[in-house]
4 protein chains.
Amino acid sequence: MQTSDKRTHILEAALDLFTELGFHGTSTAAIAKKADVAVGTLFHYFATKEDLINALYLEIKIRMRSRLTAGLDRAGNTEERFGCLWTSSVRWIQEKPREIQFFRLFGASPNISQATREQGMQHFAFIFDVIEQGKKQGMLKDLPTDLLMEFMMSSLSSTQSYFFEHPDHIHDPDVKRRIFEAIWDMIRKK
Amino acid sequence: MQTSDKRTHILEAALDLFTELGFHGTSTAAIAKKADVAVGTLFHYFATKEDLINALYLEIKIRMRSRLTAGLDRAGNTEERFGCLWTSSVRWIQEKPREIQFFRLFGASPNISQATREQGMQHFAFIFDVIEQGKKQGMLKDLPTDLLMEFMMSSLSSTQSYFFEHPDHIHDPDVKRRIFEAIWDMIRKK
Amino acid sequence: MQTSDKRTHILEAALDLFTELGFHGTSTAAIAKKADVAVGTLFHYFATKEDLINALYLEIKIRMRSRLTAGLDRAGNTEERFGCLWTSSVRWIQEKPREIQFFRLFGASPNISQATREQGMQHFAFIFDVIEQGKKQGMLKDLPTDLLMEFMMSSLSSTQSYFFEHPDHIHDPDVKRRIFEAIWDMIRKK
Amino acid sequence: MQTSDKRTHILEAALDLFTELGFHGTSTAAIAKKADVAVGTLFHYFATKEDLINALYLEIKIRMRSRLTAGLDRAGNTEERFGCLWTSSVRWIQEKPREIQFFRLFGASPNISQATREQGMQHFAFIFDVIEQGKKQGMLKDLPTDLLMEFMMSSLSSTQSYFFEHPDHIHDPDVKRRIFEAIWDMIRKK
DNA sequence: CATGAATGAGGTTTCATTCAT
DNA sequence: AATGAATGAAACCTCATTCAT
């Protein structure tokens, strides 16, 4: 096992256990064991258990960002760009359900510091640009940008929750289209 | 202090502390102290800390239900009924922010048992009725009922987040109307 | 249930639970529940849990005494009298195994006070008399009386253990005779 | 203090306290303190308080076995061999009274598991051989082997109890000889 | 006499973190 | 960089006992 592997193994084990058992339900010893690493090693890479979960939070935010931005600049108008974001996030649900569950559990948790939360937010600044542009082009409702942002993010997480509960619907293109249209109806200008 | 008071005091103290510090961040000793009750008394009413949070979850679900259903039958068509629900829940946000925060924190938590979750769901069967009826009357989109439910619930929490950041807007009827319209656009049949 | 019944019910429940789970393994609440009595009632009859087990100890010593002394005065010489004691105690093993187990568990336990132990001893003074008399008549070995007592008591518990493992032998008069002879050989003067 | 020392210190402290105060009368904190070790260390070596007492039980059984077998093969006939066992066990009383007391207290205790008890029994299989040989040589009564085993073991423990209560007699060779003769009379063929 | 809700000290066990190797 | 034995504070929960009814 290479050196930098260990850090990754620890993060991966932590993701598994935190989503399954919660933050305090998971001991650092359990994480170390699952990562096949000594406890001391865990504390070599992360000074604190809190540090570990905060690092994990950012790590997943970054992974999410690179998924969402992939192919985004090839999309033309705002509807297509928002559709691209939405499609990417649905694909994320299929491929990395644990990462979704992680945000469902720790999105509002006091274990994630305010600083981390703000840092995570910065990785999503690009969505503000999409919205501002949409409003300028007259495609989005004339609502405050941060409210539209809220709407977009929360509709993504509704979609995620729904597919999380109904994994069988995830490959039905008709359902997917109708879900997207509903969300789009919420923010588009009529 | 009357006998049944103690149970209520414990639940209230638990609500405060769980929302502030999380489940494991709150000790049973701290709850008992805040409730002005001996630790043993806490365990007299709730066999387990997990039992306590599950009882609390149900308690708040029930409170929420009675708020949401108040005046609901006086509303006419589906738009009015959903408007009534939305207005009630905005009022809930203002009056009982801790209860909202509780669900944000523990809605997906492994500390709430599946059995409790299902029991809690039953108290909201009436919303399913509202949705089903709306779909029959052709006022709501032809989407799965629980997806519409997700949309409604998550749009509520977006609303909360927004009003939390902009408390000055909470009494502006124009903003409120436009927000409601956007949400309504998401679920109404065009 | 009559008043004095409750005391008896409590003692009986305590006997069951103490022998099964040990002194500290048994809670006063559990005893009260098994006795079908309120906790307060238990403490009405026995000021303390220690008081309860001490009372139980004496109670069983007394029951044991009346079993052992039954028919004892009709026996002639020391061998017959010791035989009578041995037969009675084999019958005791069959009929009240929990009482035997109680002494196996608490005979040396620090939960029984020295005072109680001495009081219990007094109920068995008659065995000392049997032994003293046997020594005077030259039928028993010239060993310290309390050693002979030890031998007699421990040979009883060996007998018990053996019959517990081989319940089919318990009604075989030949086996019983040979066991008694061996024990008698130990203490008789040659 | 060396690493393996700590385990031993804990066992030794546990032996002292359990025999003095009983199982539940002794807290793990007290054991750790007496062993000059942190509580966590105790639980590092023994997962459970029950594990600890079971380990202690086996440890003492093993120590007892090596005492009893010492010099056993140099003894000639069965009387000498049994005498050797008896003498060793009397010496054990003088040297390790706490270990004797431990078995007096916990020999029948529900805190010792059946599995542990059986494992402990295996260390005493060699006594069966002594008995079988004695029966073949016509020196022992024609009683079931396991009954003779019971008799031998319980007479050893009677002896121990007696000397435990009368430590002053332990150096009187005359008393010792007469006690041994009595026990030998019980099992020898006449 | 009888009840059982209420108490809070104290018990066992867990676990994040350290540090000598 | 990596290890894992050692730590001890603190957590959850139990339970003997009291007392107002």
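Model, not experiment: these values are computed from the prediction. Numbers restart at 1 for each chain; the letters A, B, ... are given by sequence-line order, proteins then strands.
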From the list [options], which nucleotide is the closest neighbour of the side chain of [X]?
{"X": "A:Val39", "options": "F:dA6, E:dA5, F:dG4", "answer": "F:dG4"}
{"X": "C:Phe43", "options": "F:dC13, F:dT17, E:dG4", "answer": "F:dT17"}
{"X": "C:Ala38", "options": "E:dG8, E:dG4, F:dA2", "answer": "E:dG4"}
{"X": "D:Lys6", "options": "F:dT7, E:dT3, E:dA5", "answer": "F:dT7"}

Shortest non-hydrogen contact from D:Leu56 toward D:Leu11: CD1-O, 3.7 Å
Expressed in angstrom and rounded to an integer, what is the separation of [X] atom [atom1] from [N] atom [atom2]?
{"X": "A:Ile31", "N": "F:dT3", "atom1": "CD1", "atom2": "P", "answer": "16 Å"}
{"X": "D:Lys33", "N": "E:dT12", "atom1": "NZ", "atom2": "P", "answer": "15 Å"}
{"X": "C:Leu42", "N": "E:dC1", "atom1": "CG", "atom2": "P", "answer": "15 Å"}
{"X": "B:Leu17", "N": "F:dA11", "atom1": "CG", "atom2": "P", "answer": "12 Å"}
{"X": "B:His44", "N": "F:dC12", "atom1": "NE2", "atom2": "C1'", "answer": "18 Å"}
{"X": "D:Tyr45", "N": "E:dT12", "atom1": "OH", "atom2": "P", "answer": "20 Å"}

Lys/Arg N to Asp/Glu carboxylate O, D:Glu118 vs D:Lys61, below 4.0 Å: no
For D:Glu50, side-chain contact (heavy atoms from CB on, under 4.5 Å) partners two or more places apart: D:Phe23, D:Thr48, D:Asn54, D:Asn111
Residues in contact with DNA chain E, drawn from residues 46-59 of chain C - heavy-atom cutoff 4.0 Å: none
With distance as the sole test, does [X] use its side chain to make a donor-acceptor pair with the main-chain N or O of [Y] at under 3.5 Å?
{"X": "D:His44", "Y": "D:Gly40", "result": "no"}
{"X": "A:Ser161", "Y": "A:Ser157", "result": "yes"}
{"X": "D:Arg117", "Y": "D:Gly107", "result": "yes"}
{"X": "A:Ser113", "Y": "A:Thr116", "result": "yes"}

Paired nucleotide for E:dT21 [Watson-Crick or G-U wobble; both distances under 3.5 Å]: F:dA2
E:dG11: pairing nucleotide in any strand, Watson-Crick or G-U under 3.5 angstrom: F:dC12
Residues in contact with DNA chain F, drawn from residues 19-30 of chain B - heavy-atom cutoff 4.0 Å: B:Thr26, B:Ser27, B:Thr28
Residues C:Lys96, C:Glu12; criterion salt bridge (Lys or Arg N to Asp or Glu O under 4.0 Å); working and verdict: CA-CA 12 Å; C:Lys96 305 283 179 185; C:Glu12 221 54 39; 5.9 Å; no
Parallel, tilted or perpendicular, as decided by the 30° and 60° cut-offs, for the rings of A:Trp92 and A:Phe103: tilted
